[in-house]
Amino acid sequence: MMRTRPLKVALLGCGVVGSEVARIMTTHADDLAARIGAPVELAGVAVRRPSKVRAGIPQELITTDATALVKRGDIDVVIEVIGGIEPARTLITTAFEHGASVVSANKALLAEDGATLYAAAERHGRDLYFEAAVAGAIPLIRPLRESLAGDKVNRVLGIVNGTTNFILDRMDSSGAGYTEALDEATALGYAEADPTADVEGFDAAAKAAILAGIAFHTRVRLDDVHREGLTEVTAADMASARRMGCTVKLLAICERAADGRSVTARVHPAMIPLSHPLASVREAYNAVFVESEAAGQLMFYGPGAGGAPTASAVLGDLVAVCRNKLAGATGPGESAYTQLPVSPMGEVVTRYHISLDVADKPGVLAQVATVFAEHGVSIDTVRQQGRQDSSGEASLVVVTHRAPDAALQGTVEALRSLDTVRGVASIMRVEGE
């Protein structure tokens, strides 16, 4: 039997995502009620610019006082899509204090201070759901928190930022440089006017922190994630990748150490073989691999951003939270029982692709190989090619075996000091093999 008294929902933020949430709540009201077991009612919408016309939202629901809205006491669920650290953190904890559960899409806050939110939710017996914070419409948080709760996840590897994937895809498919590809992404609406959060890897790093924390049952903060953006990736890097039968992707990689005593989380560009499923992820799409002991390899793929896809994830959480409310229960909270340390990037075992400009004369290859040996780095393949000009230089491309990242970095610095090395044309990690 359906309950007739509606569950009241407060919406914080009514931009691209918030407006889609409000629209779907209105147009699919009957379906949502049937799935939940009670109608849901949009009880208030907090915005910064109340004069802006918002189709389908009665003006009497609009308020600029978000604090008063979450303190009302009759709100069952607060949906937070304003982003940022403050006032979002205070509004969410205040909502818990006044009896509401929370659905959030705030990756930055969850990565920076998720522990505070989890603790507040647990203290007040409320739900905190955040499927929309990572990979848009792709169901990923719930499978990690619930479907794989009985399994042991060892690795999460994926493309979690659509803007950077679009840029790298264009650089690969058209030969465009970084700036040209970014301009196209901006013109098509894939990149913000200020693309720093995307292209410098901050967005992907926040998502990596969230994924690592859930996958490995330990606390991982944004500061724990090694981060490199794609602004230094060149058309020459893409050409080198193609010659190796690879492409370049900005990857979020979360791993459990082989001995199980620590975890790592990192975001950086990497070459991956064209045979790897992630290599075929095009345009602004996201895809994430999860590797666990019992289930093996699982791949999640779909649109990672945008108003409607992200709103889909928000509404899925809303249905789950409302069902819990009716049942007098709460869903999964923080699971950080392992308390595993996060190892620094220098201890991560990786492979490198290094392209050097060297003097075209005998003995150079032996000199370079000696530097690798001195740093304990084994060479997998090497290719040297003289140039058809009078420069007296050659190109030397080295791909290493796996070694601690600190050793690889030390190798590169030592190579730079050689008189016969005229320059380091590119350095990139190799993944997916």
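As the structure is a computational prediction, the values presented were derived from the model and not from experiment.
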Beyond-backbone contact of [X] with [Y], side-chain heavy atoms, under 4.5 angstrom:
| X | Y | value |
| --- | --- | --- |
| F130 | I214 | yes |
| E80 | L91 | no |
| L12 | V81 | no |
| V398 | T381 | no |
| Q297 | F289 | yes |
| S426 | D237 | yes |
| V290 | L140 | yes |
| V77 | V102 | no |

Which atom of [X] lies closest to which atom of [Y], heavy atoms considered:
| X | Y | result |
| --- | --- | --- |
| F96 | A120 | CD1-CB, 3.7 Å |
| A132 | A105 | CB-CB, 3.8 Å |
| P277 | M299 | CB-SD, 3.7 Å |
| C254 | L211 | SG-CB, 4.5 Å |

Problem - Lys NZ or Arg CZ of R145 over Y129 ring: under 6.0 Å, within 45° - result: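 Cation-pi check for R145 and Y129: passes.
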Exercise for the section: Examine R227 relative to F202 and say whether NZ or CZ is less than 6.0 Å from the centre of the six-membered ring and inside a 45° cone about the ring axis. Expected result: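 Yes, R227 lies over the aromatic ring of F202.
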Practice task
Kindly compute the distance separating CD1 (I82) from SG (C14), expressed to the nearest 0.5 Å.
Solution key: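 One finds 12.5 Å between CD1 of I82 and SG of C14.
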Practice task
Please report the C-alpha distance between T420 and Q367 in whole Å, then the side-chain angles of each, then the deciding distance to 0.1 Å, and finally whether the side chain to side chain donor-acceptor pair (under 3.5 Å) criterion is met.
Solution key: CA-CA 9 Å; T420 51; Q367 193 178 36; 2.5 Å; yes
Does a salt bridge link [X] with [Y], judged by any charged N lying under 4.0 Å from a carboxylate O?
| X | Y | result |
| --- | --- | --- |
| E20 | R54 | no |
| R219 | D224 | no |
| D113 | R221 | no |
| E180 | R170 | no |

Quick check against the 3.5 Å criterion: does [X] have a side-chain atom that pairs as donor or acceptor with the backbone of [Y]?
| X | Y | answer |
| --- | --- | --- |
| T338 | F216 | yes |
| T310 | G307 | no |
| N165 | V281 | yes |
| R256 | V153 | yes |
| S173 | D169 | yes |
| D317 | V103 | no |
| D127 | G331 | yes |
| T218 | L340 | yes |
| R155 | E291 | no |
| E131 | I141 | yes |

Problem - Identified side-chain hydrogen bond (donor to acceptor under 3.5 Å, both in side chains) counterpart of E228 within the set H268, R266, R429 - result: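 Passing option: R429.
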Exercise for the section: Applying side chain to side chain donor-acceptor pair (under 3.5 Å), run through N161 and T164 and close with a yes or a no. Expected result: CA-CA 6 Å; N161 182 276; T164 53; 3.1 Å; yes
Practice task
Would you mind telling me which of K325, R323, R126 makes a salt bridge (charged side-chain N to carboxylate O under 4.0 Å, His left out) with D76?
Solution key: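 So the option named by the test is K325.
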Exercise for the section: Report, as yes or no, whether the 6.0 Å neighbourhood of atom CD on E192 holds more than 12 heavy atoms from other residues, nucleotides or ligands. Expected result: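 No, the 6.0 Å shell around CD holds no more than 12 heavy atoms from other groups.
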Handout entry: Crowding at CD, E122 (>12 non-hydrogen neighbours, <6.0 Å)
Key =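 No, because the 6.0 Å sphere around CD of E122 holds 12 heavy atoms or fewer from other groups.
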Side chains of [X] and [Y]: donor-acceptor distance under 3.5 Å anywhere?
| X | Y | answer |
| --- | --- | --- |
| D405 | T350 | yes |
| R23 | T26 | no |
| D194 | T196 | yes |

Handout entry: From CA spacing to verdict: side chain to side chain donor-acceptor pair (under 3.5 Å), T370, E374
Key = CA-CA 6 Å; T370 297; E374 289 173 346; 6.0 Å; no
Practice task
Name all pairs fulfilling the ring pair (Phe, Tyr, Trp, His ring centres under 6.0 Å) condition that reach into residues 161-188, sequence neighbours left out, sorted by first residue then second.
Solution key: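 The answer is F166-Y190.
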Exercise for the section: Kindly say whether the aromatic ring centers of Y352 and H401 come within a distance under 6.0 Å. Expected result: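 That pair fails the under 6.0 Å test.
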Exercise for the section: Given side chain to side chain donor-acceptor pair (under 3.5 Å), test S343 with T264 step by step and report yes or no. Expected result: CA-CA 5 Å; S343 297; T264 60; over 6 Å; no
